[in-house]
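Residue numbering restarts at 1 for every chain, and letters A, B, ... go by the order of the sequence lines.
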Number of protein chains: 2
Amino acid sequence: MNCLIKDLGAQVGNEVTLRGWMYNRRSSKTLHFLQLRDGSGVIQGVVVQAEVSPQTWKAAGDATMESSVAVTGLVREDKRAPTGVELSVRDVEVLHQAQEYPIQKKEHGIDYLLDLRHLWLRSTRQRAIMKVRATIIRACRDFLDQDGFTLIDAPIFTPNACEGTTTLFETEYFGSKAYLTQSGQLYMEAAAMALGRVYCFGPTFRAEKSKTRRHLTEFWMVEPEVAFNDWQDNMALQERFVSAMVGRVLAECGPDLKALERDTSKLEKVVAPFPRISYTEAIERLQAAGRPVQWGDDFGAEDETLLSESFDRPLFVYQYPAAIKAFYMKPNPADPRVALCNDLLAPEGYGEVIGAGQRMDDLEMLTAKIQEHGLPMKNFEWFLDLRRYGTVPHSGFGMGIERAVSWICGLQHVREAIPFPRTMYRNTP
Amino acid sequence: MNCLIKDLGAQVGNEVTLRGWMYNRRSSKTLHFLQLRDGSGVIQGVVVQAEVSPQTWKAAGDATMESSVAVTGLVREDKRAPTGVELSVRDVEVLHQAQEYPIQKKEHGIDYLLDLRHLWLRSTRQRAIMKVRATIIRACRDFLDQDGFTLIDAPIFTPNACEGTTTLFETEYFGSKAYLTQSGQLYMEAAAMALGRVYCFGPTFRAEKSKTRRHLTEFWMVEPEVAFNDWQDNMALQERFVSAMVGRVLAECGPDLKALERDTSKLEKVVAPFPRISYTEAIERLQAAGRPVQWGDDFGAEDETLLSESFDRPLFVYQYPAAIKAFYMKPNPADPRVALCNDLLAPEGYGEVIGAGQRMDDLEMLTAKIQEHGLPMKNFEWFLDLRRYGTVPHSGFGMGIERAVSWICGLQHVREAIPFPRTMYRNTP
């Protein structure tokens, strides 16, 4: 009977056939210990020379690393094994004898591994990251679907820039130009006026010449938007959303986090409420710590790390200067120098994972802002329509998936947080 | 108390405040019947002149269509109402008096409506389509997640073409070129060797100069891939997947399908098993019906409609000529003229919704195919690696979301099946 490794716990005492790959092997004179993987898990298969045919003994010993195999054996309980079972092998069939596998146990350079990303994904570590990533994505979607949100996919081809015009990827579009989206937010504002609570979840693009460990040219973003939410409702939503996401990973990805040697005690502290400080207070804290920042400056990575170090959970920093935020942010009516926005900084130095804000809902103010920023008014007429026909207060946020994955998995660089990373220097495989 | 319309059933006898938009109004001398919408639903609010203040009476009568309003009133049971309740209005506050709304009850041309897509989404019909779309997407993801699949997002920027080189969108990529993905399949093959059962779900792009009602330049696709599945396992998976998707929409989207006037009896028939005919049999059927097709031809839309008309559920057509299918399809060893592939044709003339196949798993054969198709070998070395290191039989499929939405909603054109459609002629709003 063909069986997946993840399901073997229910097969103790039965003979099964596993189809997968030879992940590793230790051998003595009369024993082979095979590490077998099939994508659903890893199990040890024990081959005893005295108990198998000469052909099986030879096949088990000759199969190269990553050869594909069908292995038949008896499932036995083994309390020491991570899965609780091992396989007493009776037969080994080599389906395809792999050429010498280019990824060894020794340390390889990151560029070498990224060139082999299509194979590197087979490693226990990369598989664990991908499992956590998939769980994060499912957690985000489930939270929003259960909270009354409707998924509304934003378009990828857009006629205009959202987050600035210097970092756009451009393509010919049947004789005119199109740009790859940097954010679905403007579209979500339209959708929120139709469906109340909406989100998009898709790839976004920035042609930034950034070489930091936080930047990809292609990254995934979830962007909820809610009609009638103000900036404080918005923070409460983010808090529930992020807590639910981290809680779900802790509940479902124990073995993966263990494989990644993640200190889960840090993640267990991520429960609402999160601390909130104003941008102005953040500046004061940074200055008191000796950082060379002035009111009006944006934060660098070191500033964010320093701010979040005082807290054991994600930190809201709210009401940044309007001048350093996007044109569509609503200014604080009581102090128009600042916007009704917030960032959410992850703990442990992982920096900004969410950018958020209440949107400018007044037709005249928004028109003036678009002019002030020198944006082509014609392209924003549809966006202004949302302020002509029943405008309401509304707020939303965007969370970068790879930054969330990096934080939750404890990665050094976002390029491991996505299956096939795209950076300034890399567009392959 | 602020309340969403969808939750009013539990508030009978209570006074609540709804925040939303004036969707419609009928008035008599002493009564206004307000149709109020808030994205979560629509409810009737009854304003009795004798029971409200002169200000409220005037506000209720003056509010233009799509004005944003806060309406306070008593929730009353009303068995005639679709939601089972209506609102006895006590107070109406106009938050923003809308300018004259450009979409009226009268028939508008499709281009006019698509120009106003950001507003058109507010209509009952478009909202219903979006709800069904979101349910279809959730159903696909839930089915796969529960069936042991891992989501692996494929990259959007790719160095090479998958489905042919003439229909690629191209962009500058830091001094070189990148292309927008046409399919994540090649990447899913790599991921299936790492995680066994995988899928991607994202936007894909075709720069086709197609003006048919089935084509978009940007569309979403779900692409599962399974190690060790052969072409027949693959059809069995598709059958379960499509049945589950349709069943979920029927279970959850009753009011939406009703708003779309969809004949659900047709959808209720979509249960496994689905009929299966070979390409060769399909050609014979078409010729017998007088269609001018020869063995070796691809089917046109009319051919697909004619084939599916004999069946009340989706139809598998399998083993098309290898020459009209992608280079990576595995030929039938017993008859190499045909590939171990299938399409799935939706009923009611909706045509192909799935393309599927077992992949070529032999290094030499695949190398020869890439040469034969004149593709740049260098770009496919990583893909060939999958056949160098433990190759196994594997199969997968791709389902176009907008085609599935069109079929299930009963739409005339895929452009209504996506929030912001992109076609050869349209890249706005």
If I measure from the heavy atoms of chain B, does [X] come under 4.5 Å with its side chain, its backbone, both, or neither?
X	value
A:Thr391	both
A:Ala154	backbone
A:Asp38	backbone
A:Trp120	neither
A:Ile137	side chain
A:Pro203	side chain
A:Ile401	neither
A:Leu121	both
A:Arg388	both
A:Arg141	side chain
A:Phe383	neither
A:Thr217	both
A:Glu189	neither
A:Ala227	side chain

What option among [options] has the most heavy-atom pairs under 4.5 Å with chain A?
options	value
B:Val198, B:Ile152, B:Val94	B:Ile152
B:Leu95, B:Val392, B:Thr135	B:Val392
B:Ser123, B:Ala190, B:Ala194	B:Ala194
B:Gly202, B:Gly148, B:Ala207	B:Ala207
B:Arg387, B:Arg37, B:Lys6	B:Arg37
B:Ile418, B:Leu386, B:Asp361, B:Asp385	B:Asp385

Pick from [options]: which one has the most heavy-atom pairs with chain B under 4.5 Å?
options	result
A:His118, A:Glu100, A:Glu66	A:His118
A:Pro421, A:Pro419, A:Gly196, A:Ala192	A:Pro419
A:Glu172, A:Arg127, A:Met193	A:Met193
A:Pro155, A:Ala134, A:Ser40	A:Pro155
A:Glu170, A:Met22, A:Gln99, A:Arg197	A:Gln99
A:Pro102, A:Cys200, A:Ser67	A:Pro102

Rounded distance [0.5 Å steps], OG1 in B:Thr428 versus CZ in A:Phe157 =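 Nearest 0.5 Å value for the OG1-CZ distance: 13.5 Å.
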A side-chain contact here means heavy atoms from C-beta on lying under 4.5 Å apart; do [X] and [Y] qualify?
X	Y	value
A:Lys131	B:Thr150	yes
A:Thr64	B:Tyr389	no
A:Phe228	B:Asn2	no
A:Thr423	B:Phe174	no

Hey, can you tell me if B:Phe420 and A:Trp382 have their rings parallel, tilted or perpendicular (30° and 60° cut-offs)?
->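 Plane angle between 30° and 60°, so tilted.
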Do you know the tightest heavy-atom contact between B:Ile156 and A:Glu218?
->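 What the structure gives for the nearest pair is N-OE2, 2.7 Å.
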For A:Gly390 and B:Ala98, work out which heavy atoms get closest and say how close.
->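 Closest heavy-atom pair between A:Gly390 and B:Ala98: N-CB, 3.7 Å.
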Please state whether the side chain, the backbone, both or neither of [X] comes within less than 4.5 Å of a heavy atom of chain A.
X	value
B:Arg117	neither
B:Ile5	neither
B:Arg422	both

Report yes or no: does B:Tyr187 contribute a side-chain atom to a donor-acceptor pair with the main-chain N or O of A:Pro429 at less than 3.5 Å?
->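 Present.
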Step by step, work out the salt bridge (Lys or Arg N to Asp or Glu O under 4.0 Å) result for B:Asp153 and A:Arg133.
-> CA-CA 10 Å; B:Asp153 294 305; A:Arg133 176 186 170 97; 2.6 Å; yes
